[in-house]
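The structure's right below; bear with me while I get my questions together.
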2 protein chains.
Amino acid sequence: MNVLEKIVNSVNSFSKSERKVADVILANPQTTIHSSIAALAKMADVSEPTVNRFCRRLDTKGFPDFKLHLAQSLANGTPYVNRHVEEDDGPEAYTAKIFESTMAALDAARQNVDINTINRAVDVLTQAKKISFFGLGASASVAHDAQNKFFRFNVPVVCFDDIVMQRMSAINSSEGDVVVCISHTGRTKNLCDIAAIARENDATVIGVTAYDSPLAKECTLVLSLDVPEDTDMYMPMASRVAQLVLIDILATGFTLRRGTKFRENLKKVKDSLRGSRFEKKDF
Amino acid sequence: MNVLEKIVNSVNSFSKSERKVADVILANPQTTIHSSIAALAKMADVSEPTVNRFCRRLDTKGFPDFKLHLAQSLANGTPYVNRHVEEDDGPEAYTAKIFESTMAALDAARQNVDINTINRAVDVLTQAKKISFFGLGASASVAHDAQNKFFRFNVPVVCFDDIVMQRMSAINSSEGDVVVCISHTGRTKNLCDIAAIARENDATVIGVTAYDSPLAKECTLVLSLDVPEDTDMYMPMASRVAQLVLIDILATGFTLRRGTKFRENLKKVKDSLRGSRFEKKDF
DNA sequence: GGATAAGTTGTAATTAAATTACAACTTACT
DNA sequence: AGTAAGTTGTAATTTAATTACAACTTATCC
């Protein structure tokens with residue numbers, strides 16, 4: 001809980017002098033964080049130790065520590081809030097809101113993601129004989145993107161957004177193959193089937209999906225991203241961005257695990273693109 | 001500007017010892033705000049006055065004031081500094097860094113994007129007879145995603161990641177058609193050709209690309225996202241996320257412009273997916 | 001209603017932390 | 001090589017915060 005709220009909540013348990021301190025702080029919090037204990041004591045018309053005791057009562061280590069907490073409480077006023085787009089929003093409004101809710105979603109994802117599972121997923125991927133990315137609908141483009149990334153690593157990688165091809169690919173998989181199934185809800189029937197088939201054929205199945213979903217149950221490893229999505233819009237937006245970032249993380253982990261020499265290879269891939277591009281100096 | 005960003009930005013203007021201080025603070029900002037100047041000096045292996053001078057250089061009144069600012073930066077919506085992934089980063093480190101640099105990129109994009117152009121692009125899209133999304137390589141998955149979004153609007157929309165198909169499509173375009181070309185660098189030759197061809201056939205060409213690039217020159221409307229990308233990694237990561245968010249914004253603007261009735265249509269599309277999914281209550 | 005104990009507050013002493021002044025050193029330029 | 005500008009550290013000083021303790025207030029019990 002943040003300190004400001006805490007002060008308000010525990011205002012009853014304060015003594016007379018402590019209450020004076022609380023009042024002064026609540027009245028000018030911004031001033032408080034730039035004051036010394038002496039200045040604040042004077043403002044509240046109490047002694048310095050009283051202020052100090054007040055701070056300790058709020059479970060801080062002392063006055064400087066209290067100021068730190070207070071500063072954070074004040075800064076927290078405007079974090080990236082998942083503000084919904086509304087009917088009469090103009091371009092500025094909806095642009096800002098979408099940026100902010102995407103950032104809020106990434107922030108949430110960052111806090112929820114399980115590093116341990118990421119590490120294991122990277123493990124599995126680095127040792128894969130072949131990597132397949134499967135997704136349907138909106139998740140197909142995430143799979144597509146993942147393929148583009150891992151392809152640069154010179155690893156056998158495929159990506160299908162066609163259930164027939166996915167099924168054939170899953171049936172043909174074997175031990176050492178890794179299948180990554182991407183689905184925000186984790187309730188897409190066809191994809192659950194694919195995951196099950198791949199598992200039956202001894203492939204390792206990584207699910208980029210909701211924890212505790214039917215798809216998750218079919219997977220060897222579940223990378224879940226708990227992203228609060230604005231369901232009013234009926235389109236996966238923030239959740240899909242979080243999935244992409246997760247792919248970025250896996251790809252990064254992959255390159256780091258493979259070591260320096262390997263990364264020189266990446267440069268080659270990038271350099272090979274040069275022929276298809278205008279040089280920077282050209283314009 | 002927040003202190004953390006400030007440190008990263010002015011890292012060049014620091015002296016050797018100040019740099020040591022900066023490194024320690026960036027590595028453990030949370031620890032820093034609970035340390036004394038002596039502890040921090042020891043960690044950075046410099047003297048206490050050096051730390052103090054470092055604080056002043058960042059326009060703070062001294063060490064305690066610096067800690068206050070730092071605390072606010074950390075609590076604030078934007079502790080998102082574009083920190084580069086390094087050789088010996090563990091999973092926690094690179095996961096955090098990628099999330100943060102993506103968020104930093106979005107923050108930058110939000111500030112740079114031109115609302116006016118977005119508004120005009122939405123205008124153009126709502127009036128389009130047909131919308132085409134073209135991208136190659138990493139941008140192909142962005143185009144793919146855009147198609148998925150706009151398809152739900154019941155608008156004629158196509159997406160090609162094959163230059164032959166793109167070319168044929170561009171040649172067949174006519175007035176009222178809108179072609180969206182996606183390229184981070186804006187220097188992909190083939191895509192520039194496509195844009196030129198589409199223009200010659202009276203289509204409106206929207207470029208999601210770098211301002212002032214060869215591709216931008218071929219477009220009717222340029223939506224540029226100035227995203228500082230970590231080029232060391234040789235993979236488009238943050239830039240592509242920003243592109244996706246831009247697509248989200250265009251799609252949102254589109255639905256808002258079309259009005260309430262239209263949005264009921266979206267629900268239909270969403271409901272139609274239900275048959276292919278497990279119900280929530282099923283598990 | 002007074003005595004005592006528990007709790008509250010302030011003064012003064014102490015300790016800890018941060019800052020300043022200055023000297024030594026390093027670097028870059030003549 | 002010499003000098004000036006800039007950088008860094010040591011030691012002294014100042015400032016701020018905390019502690020110890022005493023005075024006072026309030027509540028409780030006989």
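The chains referred to below are lettered A, B, ... by the order of the sequence lines, with proteins before strands, and numbering in each begins at 1.
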For A195(B) against C181(B), the heavy-atom pair lying closest together
CB-SG, 4.1 Å
Tell me whether the rings of F153(A) and F254(A) are parallel (<30°), tilted (30 to 60°) or perpendicular (>60°).
parallel
Contact list for DNA chain D against residues 60-67 of chain A - heavy-atom distance below 4.0 Å
G62(A), F63(A), P64(A)
Close side-chain approach of L250(A) and F150(A), heavy atoms under 4.5 Å
yes
A146(A): side-chain contact (heavy atoms from CB on, under 4.5 Å) partners, not counting sequence neighbours
F133(A), I247(A)
Contact list for DNA chain D against residues 31-42 of chain B - heavy-atom distance below 4.0 Å
none
Heavy-atom distance under 4.5 Å between the side chains of I249(A) and F99(B), does that happen here?
yes
Describe, in one word, how the ring planes of H34(A) and H69(B) are oriented to each other, choosing from parallel (under 30°), tilted (30 to 60°) and perpendicular (over 60°).
tilted
How would you list, by chain and number, every residue that makes a side-chain contact (heavy atoms from CB on, under 4.5 Å) with P91(A), sequence neighbours excluded?
Y94(A), I115(B), N119(B)
Protein and nucleotides 3-10 of chain D: nitrogen or oxygen contacts under 3.5 angstrom:
residue, atom, partner, partner atom, Å
dT8(D), OP1, S15(B), OG, 3.4
dT8(D), OP1, K16(B), N, 3.4
dT8(D), OP1, S17(B), N, 2.8
dT8(D), OP1, S17(B), OG, 2.9
dT8(D), OP2, S15(B), OG, 2.2
dT8(D), O5', S17(B), OG, 3.2
dG9(D), OP2, S47(B), N, 3.1
dG9(D), OP2, S47(B), OG, 3.4
dG9(D), OP2, T50(B), OG1, 3.1
dG9(D), N7, R53(B), NH2, 3.1

side-chain hydrogen bond (donor to acceptor under 3.5 Å, both in side chains) against R57(B), all qualifying residues, sequence neighbours excluded:
E18(B)
Do D65(B) and T60(B) meet the criterion of a side-chain donor-acceptor pair at a distance under 3.5 Å?
no
Check: L246(B) and I118(B) side chains under 4.5 Å, non-hydrogen atoms:
yes
